[in-house]
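Below is one structure, written out as C-alpha cells, with a few remarks after it.
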Number of protein chains: 2
Amino acid sequence: MADTGLQLRTRVNEDNTLTLWLEEQALPEPGADQVLIQVEAAPINPSDLALLFGPADMSTARVSGTPERPVVTADIPAEAMRMVQGRLGQALPAGNEGAGKVIAAGSSDAAQALLGRTVGAFGGEMFSQYRCVSAHACLPLNDDTSAIEGASCFVNPMTALGMVDTLHMEGHKALVHTAAASNLGQMLNRLCIKDGIPLVNIVRKPEQEALLLGQSATHVVNSEAENFHPELLAALDKTNATLAFDALGGGKLGSTILSSIEAVAARKMTEYSRYGSNTFKQLYIYGGLDMGPTVLSRNFGFAWSIGGWLLPLFLEKVGPQRGAELRERVAAEIKTTFASHYTRQVSLAEALSLEAITAYNRRATGEKFLVLPQA
Amino acid sequence: MADTGLQLRTRVNEDNTLTLWLEEQALPEPGADQVLIQVEAAPINPSDLALLFGPADMSTARVSGTPERPVVTADIPAEAMRMVQGRLGQALPAGNEGAGKVIAAGSSDAAQALLGRTVGAFGGEMFSQYRCVSAHACLPLNDDTSAIEGASCFVNPMTALGMVDTLHMEGHKALVHTAAASNLGQMLNRLCIKDGIPLVNIVRKPEQEALLLGQSATHVVNSEAENFHPELLAALDKTNATLAFDALGGGKLGSTILSSIEAVAARKMTEYSRYGSNTFKQLYIYGGLDMGPTVLSRNFGFAWSIGGWLLPLFLEKVGPQRGAELRERVAAEIKTTFASHYTRQVSLAEALSLEAITAYNRRATGEKFLVLPQA
C-alpha cells in the first residue's frame with residue numbers, strides 16, 4: 001500500500017481567482033467504524049461542477065504546473081466574489097460519489113465486513129486516489145460488479161428512486177421530467193417503465209426524442225418544437241401527471257408545466273372558479289442547468305407548490321431504513337435499471353486539462369466523464 | 001318582506017367586453033338547512049376584483065342604464081379572452097363575504113337557531129340584497145355587533161388566523177408579511193402581538209412604516225428604502241422568521257425574502273456547503289397585487305418551497321372543527337383584533353359608478369370600500 005495519494009482540490013482565492021490542483025496527502029488511518037477505499041472510478045456529475053468551478057469564468061482558465069501535476073487557474077468576476085465568501089481560501093476536495101476496493105477497515109463489525117469488497121460511496125472527496133469513509137456510507141456492490149460499473153451507484157440511481165418515492169409519498173399518479181435524455185433521465189425512464197409509473201419526458205432536441213423513444217418511452221415531448229404545448233397537454237391528459245421534476249431551474253419551463261397541468265385540470269371542471277382548480281400541482285427543482293432566474297407566470301390557480309429537491313434532504317426525510325432498502329435495490333439492478341454510460345474516461349491529471357474541462361463543463365445532455373484516479 | 005332583491009352580476013361577452021349590472025331576482029326559499037340573509041354590508045376585497053372585472057381594461061369602462069340600474073361595459077383585450085373561456089356568457093354574482101340579518105330559516109335546528117340573528121357569511125354572491133346560504137356557512141355575530149362591524153368577519157380575520165395556524169402546523173417561529181400596511185396586514189400585526197409571534201412587516205412607503213409603528217409593530221422595513229436589505233437581514237436575524245406570506249405575487253420580493261432568510265442561516269453555519277443551509281424556507285403567495293411574473297433568483301439553497309395559499313384550501317385542510325374554533329375567536333374579537341376600517345360606504349348602484357370603480361380598483365393599500373346593499 002502507498003503512503004500517500006493524490007486528491008483533487010479547488011480553492012477560491014482573495015485575488016478573484018479559482019485554483020484547481022492535485023494535492024498529495026498522507027493516507028488516513030480508518031477509525032473504528034471507517035473503511036479506506038482505493039478509489040477506482042468516480043463520475044463527474046453536474047452537481048460536482050458548482051463546487052469544482054464555483055462562479056469562475058472557465059473560458060479564462062490557464063494551466064501551469066507539470067503534466068502529472070497540472071494547476072488550473074481561472075478568473076472569478078468581481079461581482080460574483082460575495083457569493084463564495086463562505087469558501088474563501090479553503091482547499092476543498094470534490095467528487096460526490098465513486099467506487100473502489102476497501103483496502104483497510106476499522107475494528108467494528110460493519111467496517112470489517114467490507115474489507116476486500118468493492119463498494120460505492122457517497123459523501124464527497126471521491127476525486128481522490130484514497131478516501132476514508134464511514135462503513136454506513138458505503139453501498140457494497142455484488143461480486144460480479146466492477147468499480148467502473150458501480151461508480152455512479154448513488155447520485156443518479158438514488159435520485160431516480162427518490163423521485164418515484166416522492167411521487168408515492170405525496171400521492172401523485174404520474175411524473176413529468178425535464179432534461180429527460182440525461183443519464184438520470186434515461187435511468188428514470190427505465191425505472192418508471194419497470195415500476196409501471198406513467199412518465200412524461202421533456203427534451204430539447206429531436207435526437208433526444210428519438211433516443212428515448214428507442215428506449216421504449218411512451219411520452220416524449222420536445223420543448224423546442226412548434227407543437228410543444230398541444231403535445232404536452234395531450235401527454236398530461238393521458239397520464240394525469242401532477243408532479244414534475246425540473247433539472248433546469250431557470251427560465252419558464254417549470255411555469256409552463258404547472259400551467260399545462262392546470263389547463264388539463266380546468267378542462268375537467270364543471271364549474272368556473274376564479275381561483276383555478278383544486279388539483280394540487282407540485283414542481284421540484286433539483287438542478288440548475290439553466291442558471292438564470294425562474295420565471296413563474298402564476299396562471300395555475302392557488303393549489304400549487306414549487307420546491308427545491310436535494311437527495312441528502314430526501315434521504316434525511318425518509319430515514320436510514322428506507323435509505324438501506326433503496327441502496328439494496330440499486331446494487332441488485334446496477335447493470336440494468338441503474339446502469340450508467342460514459343462518453344470518456346480520464347485520469348485525475350487529464351480531468352484538469354483545459355480540453356476536458358471545456359467538454360464536461362458544457363453540461364451537454366448525455367455527455368458524461370468518468371475519472372479513474374488510479375490511472 | 002320584499003318579493004325580489006337586487007344582485008350585482010358580471011359577465012364576459014363574446015364580443016370581447018365585460019358587463020356589470022344589477023339583476024332583480026326573486027327571493028329564494030331557504031332549504032331545510034339554509035337561512036335567508038338580508039345583506040346589510042359587504043366589503044370589496046382585493047380577492048373580489050378578479051371576478052368582478054376579469055381581464056377587462058377598466059380604463060375603457062362606460063356607463064349606460066339609469067342611476068338606479070347602471071350598466072357598466074368595458075373592453076377586454078383580445079389576447080386575454082382565452083383566459084376567460086370558462087366563464088364566457090355566464091352572469092356571475094360576486095362578493096366573497098358580508099353580514100346581515102337572518103329573515104327566514106329552513107326547518108333544521110341549525111337554521112332555526114339563526115333566525116333573527118345578525119350573521120357574517122362567506123361563500124360568494126354577497127353583493128346582493130338577499131342571499132340564501134347554508135346555516136353552516138354563517139358566523140353568528142355577538143348581540144352587540146352590527147352588520148357593518150361584522151361585514152369583514154371572514155376573509156381577512158380567517159386569513160390572518162390561517163397564516164398563524166400555518167406557522168404553528170409547519171413548525172416556524174416567526175413570520176414575514178408583505179403589503180403589511182393593508183387592512184389584513186394591520187390585523188395580522190394585532191394578532192401576532194396578541195399571540196406573541198414575531199412578525200416582520202414589509203411595506204413600500206414611509207407613511208405605511210409610520211402607521212404600523214404607531215400600532216406597536218416591532219419590525220417594519222420599507223422595501224423601497226435604500227437600507228432595505230440590511231434592515232431586512234437584521235429583522236430576520238432577530239426574529240428567526242423562516243415563513244413568509246406574500247400578497248404581491250409578482251416581481252422579485254419573494255425571492256429576496258428567501259435569499260435573505262438563507263443569508264441569515266448561512267451566517268450561522270460552521271461549514272461551507274455548496275447546497276446552502278438546511279434551514280427550510282417557505283414562501284406562500286396568497287395574492288396578486290403585482291400581476292407580473294414571479295422572478296426567483298434561486299440563490300437560497302435547496303431547502304425551500306413556494307406555494308399558493310388560499311383560505312378555502314386551508315380550511316379544507318384543517319377541517320370543520322378547527323374552522324369552527326377560528327370562527328368563534330373572530331366573533332369574540334371582531335371589535336378589537338379583527339376590526340376592519342373602510343374609507344367609503346356605497347350602495348350597490350354607487351359601487352358601479354366609474355369614479356368608485358376607479359377608486360377601489362386601484363387596490364391602494366389601506367383603501368377599502370363597504371357596499372351597503374340596502375342603501
Check whether Ile306(B) gets within reach of chain A through its side chain, its backbone, both or neither, counting any heavy atom under 4.5 Å.
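Contact with chain A: backbone and side chain both.
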Part of Tyr286(B) within contact of chain A (heavy atom distance under 4.5 Å):
backbone
Exam field: side chain Arg298(B) to backbone Gly288(A), donor-acceptor pair closer than 3.5 Å:
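Not confirmed, Arg298(B) side chain does not pair with Gly288(A) backbone.
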Under 4.5 Å, counting heavy-atom pairs only, tell me which of Gly124(B), Ala263(B), Ser47(B), Ala266(B) racks up the most with chain A.
Ser47(B)
Just wondering, more than 12 heavy atoms not from [X] lying within 6.0 Å of its [atom1]?
| X | atom1 | answer |
| --- | --- | --- |
| Met291(B) | CE | no |
| Glu14(B) | CD | no |
| Gln85(B) | CD | yes |

Could you check which of Val295(A), Leu283(A), Asn278(A) has the highest count of heavy-atom pairs closer than 4.5 Å to chain B?
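So the answer, after comparing Val295(A), Leu283(A), Asn278(A), is Val295(A).
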Contacts of residues 243-256 of chain B with chain A (heavy atom under 4.5 Å):
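Checking residues 243-256 of chain B against chain A gives Leu248(B), Gly249(B), Gly250(B).
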Please report the interatomic distance CH2(Trp304(A)) to CD1(Ile285(B)), rounded to the nearest 0.5 Å.
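One finds 4.0 Å between CH2 of Trp304(A) and CD1 of Ile285(B).
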Can you tell me how far OG of Ser305(B) sits from CH2 of Trp309(A), rounded to the nearest 0.5 angstrom?
15.0 Å
